[in-house]
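This report concerns only the one structure given below.
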Amino acid sequence: MNLITNLKENTSKCLHTLYGVNIAPEQVLVNATKPEFEGDYTIVLFAFVKQLGKSPEVLGNELGAAMLAQAPHLISQFNIVKGFLNFTIQDTFWLDFIHTTDSKNLLPSTLTPRKVMIEYSSPNTNKPLHLGHLRNNFLGWSIAEILKLQGNEVVKTCIVNDRGIHICKSMIAWQLFANGATPQDTNQKGDHFVGDYYVKFNDAYKAEVEELIAKGMSKDDAEKEAPIQKAAQALLLKWEQGDAQTMDLWKRMNEWVYAGFDVTYQKIGSDFFKTYYESNTYLLGKELVDQGLAKKVFYQKEDNSVWIDLTQDGLDEKIVRRKDGTSVYITQDIGLAELKQKEFNTDASIYVVGDEQNYHFKVLKLICQKLQLPASDGIYHLSYGMVELPTGKMKSREGTVVDADDLVDAMIQIAKEKTESLGKVSEFDEAQLLELYNTIGLGALKFFLLRVDPKKKMIFNPEESIDFHGFTGPFIQYTHARIKSILKKTGTNNVKTTGTLLPLEKQLAIELSTFPAVINEAADTLDPSKVAIYTFNLAKLFNTFYAELSIANAESEEKKNLRIQLGILTAATLQKGMQALGIAVPERM
RNA sequence: GGUCCCGUAGUUCAAUGGAUAGAACGGAUGUUUCCUAAACAUUAAAUGCAAGUUCGAUUCUUGCCGGGACCA
């Protein structure tokens with residue numbers, strides 16, 4: 001059993017025996033003891049002090065003595081400082097932990113595995129992926145890995161926004177300005193190629209609007225009347241009518257974009273079990289509106305538009321079908337939710353989508369629940385904050401978007417330069433080197449984007465390159481490679497040891513033992529940053545350990561064997577932690 | 001107008017209501033005859049403002065100031 005759980009249950013039991021009170025184990029607060037005090041784990045007594053009417057000193061002594069008597073094999077001693085009861089755990093417990101842990105029981109044990117769908121990435125097909133998509137992709141991938149480490153089954157999906165006015169804009173611009181050029185002709189990645197025409201559309205549009213305003217038209221009217229804008233709208237209409245020529249061009253341009261996306265996904269390591277296309281799903285959900293009307297979840301206004309009243313839930317009234325009978329954005333989302341549920345029958349469905357859609361997803365979940373669609377309680381919106389520049393939001397129209405491909409390439413290039421200047425892998429062949437640069441460059445980028453709480457917006461300064469030192473992916477990768485290098489020399493036999501532990505040896509064991517709890521917490525809160533922080537702390541602790549204590553030349557054979565085992569466990573935990581973030585760890589670097 | 005989110009060292013981030021608010025980068029100072037110095041050690045530096053609840057508040061409540069998102 002988990003040590004902290006054990007302590008909590010013991011505390012609860014002893015409080016009951018001593019004072020006859022019932023305090024649930026979950027109510028007991030157990031923390032790691034701060035380094036400046038003696039002990040390994042601390043129970044915070046204040047909560048019980050009031051309830052029992054005893055001084056912290058008396059309560060601490062009575063409880064400490066009782067717990068020591070209850071579990072002498074586990075606890076060696078205790079002390080009380082103010083309202084804090086500090087326990088020292090027996091070295092034998094940690095020695096047992098060190099020598100009986102292997103890569104399997106390193107991980108949490110899931111009682112009831114769930115089947116979870118994760119929808120992430122959701123690109124538009126009118127422009128290439130940017131930094132915001134990277135945060136999205138890395139988050140989605142990482143959550144999937146974390147849930148898998150828990151033993152859950154994961155279905156990764158992607159919804160591609162392949163239709164609508166935005167792609168029509170690229171199409172119009174291509175018709176006007178491309179002279180039939182293709183990505184092959186221009187030797188460009190297809191998504192960048194199509195994205196360039198989207199920019200060209202906006203430039204032309206802006207020029208037309210200015211011209212109209214100069215002729216005396218109001219800004220609003222000019223924006224509506226600009227010829228290129230009207231052409232895009234006309235094209236959308238043709239698309240909706242299934243016009244053959246329009247469909248051909250649309251398919252052709254989307255294919256270019258998909259080819260480009262494939263390259264990027266391949267490079268950053270993203271994949272999907274199933275991809276949905278909005279062109280196939282945008283008409284979904286219509287019959288659900290009728291069902292909702294029949295169930296009186298929705299109501300109809302005099303003008304025939306259909307609404308849902310969410311004021312009881314603290315939200316507004318929301319339209320689900322326009323008066324002309326066309327559906328709105330949320331209707332297709334409800335339809336797609338139902339479709340996905342029918343196809344995969346998952347227990348939960350996680351949507352990795354930016355926080356500007358918080359309201360939308362609140363509404364989506366509520367409507368699904370009210371319609372009593374299966375598993376609608378399992379809808380989660382993993383809402384993440386925007387990635388902003390020091391100057392504010394990234395805007396494609398102003399050319400301040402940080403392109404995903406450019407950034408990834410830059411990171412790999414920096415990894416290459418850094419590796420070359422250190423010259424530690426001179427005998428690697430070309431393929432090994434390329435793989436290493438990729439591992440390190442992407443590791444730095446992924447860690448950078450995953451180390452902060454997803455809910456919070458984050459600032460990225462393109463002027464400062466992403467660091468390779470300190471709280472970074474390469475720091476952890478380096479620690480892993482370093483351990484592997486030592487283990488290559490010492491061998492990896494697990495020889496049982498006895499005796500007492502030095503403070504750093506024990507600290508490392510304690511840190512290692514919390515890994516399953518960290519994974520569980522990250523899974524519960526859908527927050528990979530918990531894993532990033534833990535993994536960094538573990539690597540940091542090992543580096544201190546490494547600087548203080550010798551492994552290969554330990555003071556005794558016993559200590560050498562102990563530290564080898566600590567090294568094995570640390571390397572394995574670092575590897576699993578980084579895997580949870582979608583980051584590979586090299587054997588050498 | 002309504003709803004929601006965010007303000008912590010110079011900068012980027014931590015801190016289930018708990019002990020002296022942690023890290024990293026940047027700054028200063030050290031550590032390579034010895035297992036990978038992408039490392040380690042020492043050091044200066046912060047809770048927007050004002051109340052309230054509490055034994056105890058970065059955390060909860062209210063107001064204000066500042067930044068952002070969404071809904072019409």
Side-chain angles (χ1 to χ4, degrees), chain A residues 26 29-31 33-37 39 42-47 49-50 55-56 80-86 310-311 313-319 354-363 383 385-386 388 390 392-393 414-415 418-419 421-425 440 443-444 447-448 451-453 455-461 463-490 517 521 524-525 529-530 532-534 536-537 539-554 560 563-564 567 586-589:
Chain A
E26 304 82 61
L29 184 60
V30 178
N31 289 333
T33 304
K34 303 246 167 194
E36 54 271 32
F37 300 98
T42 297
I43 292 175
V44 183
L45 297 173
F46 294 106
V49 164
K50 193 189 267 178
S55 76
I80 300 138
V81 182
K82 292 195 260 177
F84 301 92
L85 174 57
N86 303 319
L310 296 172
T311 49
D313 302 279
L315 304 175
D316 298 322
E317 294 182 6
K318 185 89 190 170
I319 192 165
D355 64 3
E356 75 271 15
Q357 296 204 37
N358 283 352
Y359 187 83
H360 176 80
F361 277 97
K362 258 190 212 169
V363 172
S383 159
M386 295 288 105
E388 294 183 4
K393 255 185 115 167
I414 296 170
K418 186 84 188 167
T419 304
S421 75
L422 288 170
K424 291 181 184 178
V425 287
I440 297 172
F447 198 90
F448 177 82
R451 68 182 189 176
V452 311
D453 185 342
K455 287 192 290 296
K456 295 195 176 175
K457 70 175 183 195
M458 61 185 296
I459 310 268
F460 172 79
N461 187 351
E463 304 296 313
E464 299 168 13
S465 56
I466 293 173
D467 227 296
F468 282 52
H469 301 271
F471 185 23
T472 68
F475 173 91
I476 294 157
Q477 291 172 322
Y478 170 74
T479 308
H480 177 267
R482 204 189 208 187
I483 298 171
K484 285 296 172 133
S485 164
I486 299 160
L487 293 178
K488 206 178 280 176
K489 288 173 183 150
T490 62
E521 201 195 347
D524 291 345
T525 54
S529 75
K530 301 269 195 323
I533 292 166
Y534 168 82
F536 170 66
N537 284 333
K540 195 171 152 56
L541 182 59
F542 185 87
N543 282 330
T544 305
F545 170 91
Y546 173 89
E548 295 285 322
L549 305 168
S550 182
I551 298 170
N553 306 312
K560 180 176 170 180
R563 290 172 196 164
I564 288 171
E587 296 287 308
R588 293 189 51 194
M589 67 185 276

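Sequence lines set the chain letters: A, B, ... in the order given, protein chains first and strands last, and positions in each chain run from 1.
Within the nucleic acid shown, L315(A) has no heavy atom closer than 4.0 Å to any nucleic acid atom. Among the atoms of the strands shown, none is found under 4.0 Å from any heavy atom of L85(A). Nucleic acid contact for E26(A): none, since no nucleic acid atom lies under 4.0 Å from a heavy atom of the residue. Residue contacts for M458(A): at a heavy-atom cut-off of 4.0 Å it reaches the sugar-phosphate backbone alone, with no base atom in range. Contacts of T544(A) with the nucleic acid, taken as non-hydrogen atoms under 4.0 Å apart, involve only primed sugar atoms and P, OP1 or OP2. Base engagement by T419(A) is indicated by at least one non-hydrogen atom pair under 4.0 Å involving a base atom.
Residue K455(A) places none of its side-chain N or O atoms closer than 4.0 Å to OP1 or OP2 of C6(B). An OP1 or OP2 oxygen of A37(B) is reached within less than 4.0 angstrom by a side-chain nitrogen or oxygen of Y546(A). For the OP1/OP2 pair of U36(B) and a distance below 4.0 Å, the side-chain nitrogens and oxygens of K489(A) include at least one atom meeting the criterion. Contact annotation: K456(A) reaches the phosphate of G7(B) (side-chain N/O to OP1 or OP2, under 4.0 Å). Taking 4.0 angstrom as the limit, N553(A) places none of its side-chain polar atoms (N or O) nearer than this to OP1 or OP2 of C34(B). Put simply, R482(A) has a side-chain N or O that comes within less than 4.0 Å of OP1 or OP2 on A37(B).
Using modelled atom types, one side-chain atom of R451(A) and one backbone atom of F471(A) make a donor-acceptor pair closer than 3.5 Å. No donor-acceptor distance shorter than 3.5 angstrom exists from the side chain of S485(A) to the backbone of A481(A), with no hydrogens or angles considered. Of the possible polar contacts, one joining the T472(A) side chain to the F475(A) backbone as a donor-acceptor pair under 3.5 Å is found. No donor-acceptor pair closer than 3.5 Å links the side chain of N31(A) to the backbone N or O of T33(A). A donor-acceptor pair under 3.5 Å links the side-chain atoms of D453(A) to the main chain of K455(A), judged by distance alone.
Summarising the geometry, the separation between CD on E388(A) and P on U12(B) is reported as 11 Å, rounded to the nearest angstrom. In this structure, L541(A) atom CG and A39(B) atom C1' are separated by 14 Å, rounded to whole Å. Atom-to-atom, NZ of K457(A) to C1' of A69(B) comes out at 9 Å; the value is rounded to the nearest Å. As rounded to whole Å, 11 Å separates atom P of C5(B) from atom CG of D355(A). When rounded to the nearest whole Å, the span between NZ of K50(A) and C1' of G56(B) equals 10 Å. In this structure, the OH atom of Y359(A) is 9 Å from the C1' atom of C70(B), given to the nearest Å. Distance CZ (F545(A)) to P (C35(B)): 16 Å, rounded to an integer number of Å. Nucleotide A15(B) holds its C1' atom 12 Å from the CD atom of E521(A), rounded to whole Å.
Place K362(A) and D453(A) on RNA chain B by their nearest nucleotides, and K362(A) ends up nearer the 5' end. Between N543(A) and L487(A), it is L487(A) whose nearest contact on RNA chain B lies nearer the 5' terminus.
With salt bridges taken as basic N to acidic carboxylate O contacts below 4.0 Å, none links K393(A) and E388(A).
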Please lay out, stage by stage, how I43(A) and F84(A) fare under the test side-chain contact (heavy atoms from CB on, under 4.5 Å). CA-CA 6 Å; I43(A) 292 175; F84(A) 301 92; over 6 Å; no
With side chain to side chain donor-acceptor pair (under 3.5 Å) as the criterion, how do D316(A) and Y359(A) come out once you've worked through the C-alpha distance, each side chain's angles and the decisive distance to 0.1 Å? CA-CA 10 Å; D316(A) 298 322; Y359(A) 187 83; 3.2 Å; yes
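Looking at residues two or more places apart in sequence or on another chain, you find no ring-ring contact (aromatic ring centres under 6.0 Å, His included) involving F468(A).
In this entry G26(B) has no Watson-Crick or G-U wobble partner, no candidate having both defining distances under 3.5 Å. Pair assignment for A15(B) gives none, since no Watson-Crick or G-U wobble pairing has each distance under 3.5 Å. G52(B) is paired with C60(B) under the criterion used here, namely a Watson-Crick or G-U wobble arrangement in which both key atom distances are under 3.5 Å.
Using atom P as the reference point in both U31(B) and A37(B), the two lie 16 Å apart (nearest Å). On the C1' atoms, G7(B) is 16 Å away from A50(B), given to the nearest whole Å. Here, U62(B) and C4(B) have their P atoms 10 Å apart, quoted to the whole Å. For G56(B) and G52(B), the C1' atoms lie 15 Å apart once the distance is rounded to whole Å. Separating the P atom of A15(B) from that of U59(B) is a span of 14 Å, rounded to the nearest Å. Taking atom P in both C25(B) and A19(B), the straight-line distance is 25 Å, to the nearest Å.
Distances from the side chain of K318(A) to the nucleotides C35(B), C71(B), C40(B) place C71(B) closest. When distances are taken from the side chain of I459(A) to each of C35(B), A14(B), C13(B), the shortest belongs to C13(B). Counting only heavy atoms from C-beta on, A547(A) has its side chain closest to C40(B) among C70(B), U36(B), C40(B). Side-chain proximity of S485(A) to A69(B), U36(B), A14(B): nearest is U36(B). Checked against U54(B), U36(B), C40(B), the side chain of Y478(A) finds its nearest nucleotide in U36(B).
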Would you give a per-nucleotide map of nucleotides 17-26 of chain B, 5' to 3', where B means the base has a protein non-hydrogen atom under 4.0 Å away, S means only the sugar-phosphate does, and - means neither? -BBS--SSS-
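Between F542(A) and F545(A), the ring center distance clears the sub-6.0 Å criterion.
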